[in-house]
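Right, one structure below, let's go through it.
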There are 2 protein chains.
Amino acid sequence: MTQRKKRVTATDVARSLGLSRATVGYVLNNTPGQSIPPATRERVMAEAARLGYRPHRAAQALASGRSMIILLVLPDWPMEHSLRLTLETASHVLDEAGYALVTYTRHEGGQARPLWELLNPDVVIAWTAISAAERTSMQASGITKILPVLQQEQAVLSSPTLTAGTHLQIAHLYEQGHRRLAFATSVNERFSLLAQGRAAAAREEADRLGAELLDLRPVDHRDGSVVRAVREWHAQGITAVAAFNDDIAAMTVAAAQRAGLSVPDDLAVIGHDDTPMAGMLYPSLSSVSIDNVGQGHYLANQALHAAEYRPLPEAPPDLHAAIVVRESTRR
Amino acid sequence: MTQRKKRVTATDVARSLGLSRATVGYVLNNTPGQSIPPATRERVMAEAARLGYRPHRAAQALASGRSMIILLVLPDWPMEHSLRLTLETASHVLDEAGYALVTYTRHEGGQARPLWELLNPDVVIAWTAISAAERTSMQASGITKILPVLQQEQAVLSSPTLTAGTHLQIAHLYEQGHRRLAFATSVNERFSLLAQGRAAAAREEADRLGAELLDLRPVDHRDGSVVRAVREWHAQGITAVAAFNDDIAAMTVAAAQRAGLSVPDDLAVIGHDDTPMAGMLYPSLSSVSIDNVGQGHYLANQALHAAEYRPLPEAPPDLHAAIVVRESTRR
DNA sequence: CAGGGTAACTTTCGCGCGCAAGTACTTGTG
DNA sequence: CACAAGTACTTGCGCGCGAAAGTTACCCTG
């Protein structure tokens, strides 16, 4: 009502105090190398608070050349559950360092202009690899700090972050006595790269343990391919299935039930990501839970390292992927 | 390698062309009221492209006073599936108008500083109501355009956008011949407001139709309350349950199975949101699908209206909530 | 009591851009 | 041929801030 929509600037604070803008700036920024008596310092702080001063981010960004924005590029995967806590953690850590974490999900259709052009982030950090075109676009927008530095999709997809859980799945099924296994992935194209990485990991782990990974295929409920798959697996003597994620696992369990098989007795099934749904079903779904908080910290620290050369934590994140045993694999 | 990390500015383009910066600016911004010959216009465009000129958003924001950022504040609900397409659509529409859509999810812990302070968005648009504290904080950050304008939670929560589907659920169960109904909600505190709104809608619809909504309670699988609920419902002669969302519905179906009941014969269950999971289960889950594209357009147009006084589309969105009938309610 | 040193400031510049207000030159008109 | 009305530009200010470089006034030292 009373207050006009004029924004309070540092100049206002200075004028109201009879000081220069520079002094106010030094106080507000805690600029090192300045000798400002505590009394003045406090007067400035108090007056800034009284007037409700807020630094103008756009002006700061222009003057300092840094936007304090970190852009996280996410793949076009539905991954809300496994990501929620990670993002919360990361954005909290970054926030404390003064950075804003903005997420950007690529879509197949694509934006006319990607978010990095519009936001001028200091750092772009990608969950998976960045295509050459994207990298070029980012560089053209003046972004020099782009993570991960890895160019090859392969390198990223075989990274422990994304495949550790798959190893655990296979190991768990093996421990439960299963020797003839299958791996079920998604028909969703969006997942294809990740699915390949996990399938490879499954094969690797099975080989290592001396189990047989006899089949590996995408399944879907709409075309009946899950039910078919389940029948064939059963016929082949396969007794356990590791799934790409909890959705696929749930689908597989449902298909087994439709085919008159019992889970886990005729077919054991394990999912991945430990979504809330896993515990809700009947039979409840064994799964792999990921250390989302750890991931979040790791992500944030990577970003801070790139943004301002903070030391990167020595140890790569111990991601504590862990098996959650529920009914679908319990003997 | 060759190129320094210097950013190309409009001044560079002007100098390289022997023109003034203003002329270049007029061309690049298509500023009306200027008479610039097509030849010059093209020279400028060509040179800008050649040098790889990108406007510096922070400088633009400072000079124009507008950031071209629209911030969408989301509630702390897991709602990825029902939201994904909405967001894609909205951000696409906004993108074409030159705006960037950034989403911000509030967390219980909360950021030290909310995103609107850091981004200076032109418009903040909230999925649900904004608390007085949030509104104050936004206004202090110099944001004047805040949507929705409604202050009361109630008004928002009883809005058709959020409750239309619930009406459909009850109507569908009624049509299938069910007269004794229950409504199952989530124990998740995050949902409480929305759950209340939907529960009220369920009651209203049941009253309207002359059905009995005999019970209405939060259920959970971890404390055994779903199984208990299912048993009690069956004992009371309740034959159908409308659930707050697909998760709750899936949980209810599983509990019924555990209790030895058959779905839908002993108990029909319908979910809400039509998540991908709904079709995957056994029995597959009837649900309510929402017109996400329509919602996205509506959201975007609301934002554009606030941002630059574009006409608001006359008709409020006809949200095409629709029942998807699957096995869990099929007679 | 000149000189240097320092605390406590202020003046000033530049970030890149939008845009209001010029200016010089051309063309049309009575 | 004078003069208004364009055309095709340019000059220059201001957005709010960070921060380098400058300016006092004061105190201490020898």
Side-chain angles (χ1 to χ4, degrees), chain A residues 5-44 47-48 51-68 98 117-120 122 141-142 308, chain B residues 4-45 47-48 51-68 98 117-120 122 141-142 308:
Chain A
K5 56 175 57 177
K6 289 298 305 170
R7 156 185 270 294
V8 179
T9 72
T11 307
D12 295 333
V13 175
R15 185 174 35 229
S16 141
L17 236 37
L19 285 172
S20 75
R21 235 230 356 93
T23 305
V24 171
Y26 290 140
V27 170
L28 293 173
N29 299 328
N30 255 317
T31 309
Q34 299 293 326
S35 55
I36 291 172
T40 304
R41 198 172 282 274
E42 269 177 38
R43 279 171 63 216
V44 171
E47 191 65 6
L51 296 179
Y53 167 77
R54 305 273 163 150
H56 191 306
R57 298 273 308 173
Q60 279 184 316
L62 180 60
S64 70
R66 307 189 311 142
S67 66
M68 305 304 278
E117 258 186 43
L118 296 167
L119 295 181
N120 272 302
D122 291 339
S141 306
E308 47 191 43
Chain B
R4 226 69 200 100
K5 56 174 58 178
K6 288 296 306 169
R7 153 186 272 295
V8 178
T9 73
T11 307
D12 296 333
V13 176
R15 185 174 35 229
S16 141
L17 237 38
L19 285 172
S20 74
R21 237 226 353 85
T23 305
V24 171
Y26 291 138
V27 170
L28 294 173
N29 298 330
N30 253 317
T31 309
Q34 299 291 328
S35 54
I36 292 171
T40 304
R41 198 171 282 274
E42 268 176 38
R43 279 172 62 216
V44 171
M45 297 304 281
E47 191 65 6
L51 296 179
Y53 167 77
R54 303 276 161 150
H56 191 305
R57 298 273 307 173
Q60 278 184 316
L62 180 60
S64 70
R66 306 188 313 141
S67 66
M68 305 304 278
E117 256 185 45
L118 297 167
L119 295 182
N120 271 303
D122 291 339
S141 306
E308 47 192 44

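Here the structure is a predicted model, which is why all the values come from computation and not from measurement. All chains are named by letter (A, B, ...) in the order of the sequence lines, taking the proteins before the strands, and each is independently numbered beginning at 1.
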Query raised in the report: With side chains defined as the heavy atoms from C-beta onward, is the minimum distance between A/Arg7 and B/Asn120 less than 4.5 Å?
Result: yes
At a cut-off of 3.5 Å, list every protein nitrogen or oxygen paired with a nitrogen or oxygen from nucleotides 13-17 of chain D, distance to 0.1 Å.
residue : atom : partner : partner atom : Å
D/dC17  : OP1  : A/Tyr53 : OH           : 2.6
D/dC17  : OP1  : A/His56 : N            : 3.4
D/dC17  : OP2  : A/Ala10 : N            : 2.6

Query raised in the report: Can you find a donor-acceptor N/O pair under 3.5 angstrom joining the side chain of A/Tyr26 to the base of D/dA20?
Result: yes
Requested in this report: List in numerical order all residues of residues 30-44 of chain B for which some heavy atom is under 4.0 Å away from an atom belonging to DNA chain D.
Outcome: B/Gln34, B/Ser35, B/Pro37, B/Thr40
Report summary line: Heavy atoms of A/Val44 and A/Leu19 approach each other most closely as CG2-CD1, 3.8 Å
Report task. Go through the structure and list residues passing salt bridge (Lys or Arg N to Asp or Glu O under 4.0 Å) with A/Asp12, not counting sequence neighbours. Result -> A/Arg15
Result block: side-chain N/O donor-acceptor pairs under 3.5 angstrom for residues 52-65 of chain B, not counting sequence neighbours:
residue : atom : partner  : partner atom : Å
B/Arg54 : NH1  : A/Glu117 : OE2          : 2.7
B/His56 : ND1  : B/Ala58  : N            : 3.1
B/His56 : ND1  : B/Ala59  : N            : 3.4
B/Arg57 : NE   : A/Leu118 : O            : 2.8
B/Arg57 : NH2  : B/Ser67  : O            : 2.6
B/Ser64 : OG   : B/Gln60  : O            : 2.7
B/Ser64 : OG   : B/Arg66  : N            : 3.1
B/Ser64 : OG   : B/Arg66  : O            : 3.3

Query raised in the report: Quick check: are there more than 12 heavy atoms from other residues, nucleotides or ligands sitting under 6.0 Å from CE of B/Met45?
Result: no
Report task. Starting at OG1 of B/Thr40, measure out to CG of B/Leu17 and round the result to the nearest 0.5 Å. Result -> 8.5 Å
Query raised in the report: Counting any heavy atom closer than 4.0 Å, what does B/Gly18 reach on the DNA or RNA strands: base, sugar-phosphate only, or nothing?
Result: sugar-phosphate
Query raised in the report: Any side-chain N or O of B/Ser20 under 4.0 Å from OP1/OP2 of D/dC9?
Result: no
Query raised in the report: If we fit an axis to the first five pairs and another to the last five of the helix from C/dC1-D/dG30 to C/dG30-D/dC1, what angle do they make, to the nearest 10°?
Result: 60°
Contacts under 3.5 angstrom, residues 21-30 of chain A side chains, donor-acceptor by atom type, not counting sequence neighbours:
residue : atom : partner : partner atom : Å
A/Thr23 : OG1  : A/Ser20 : OG           : 3.1
A/Asn29 : ND2  : A/Gly25 : O            : 3.1
A/Asn30 : OD1  : A/Arg41 : NH1          : 3.2

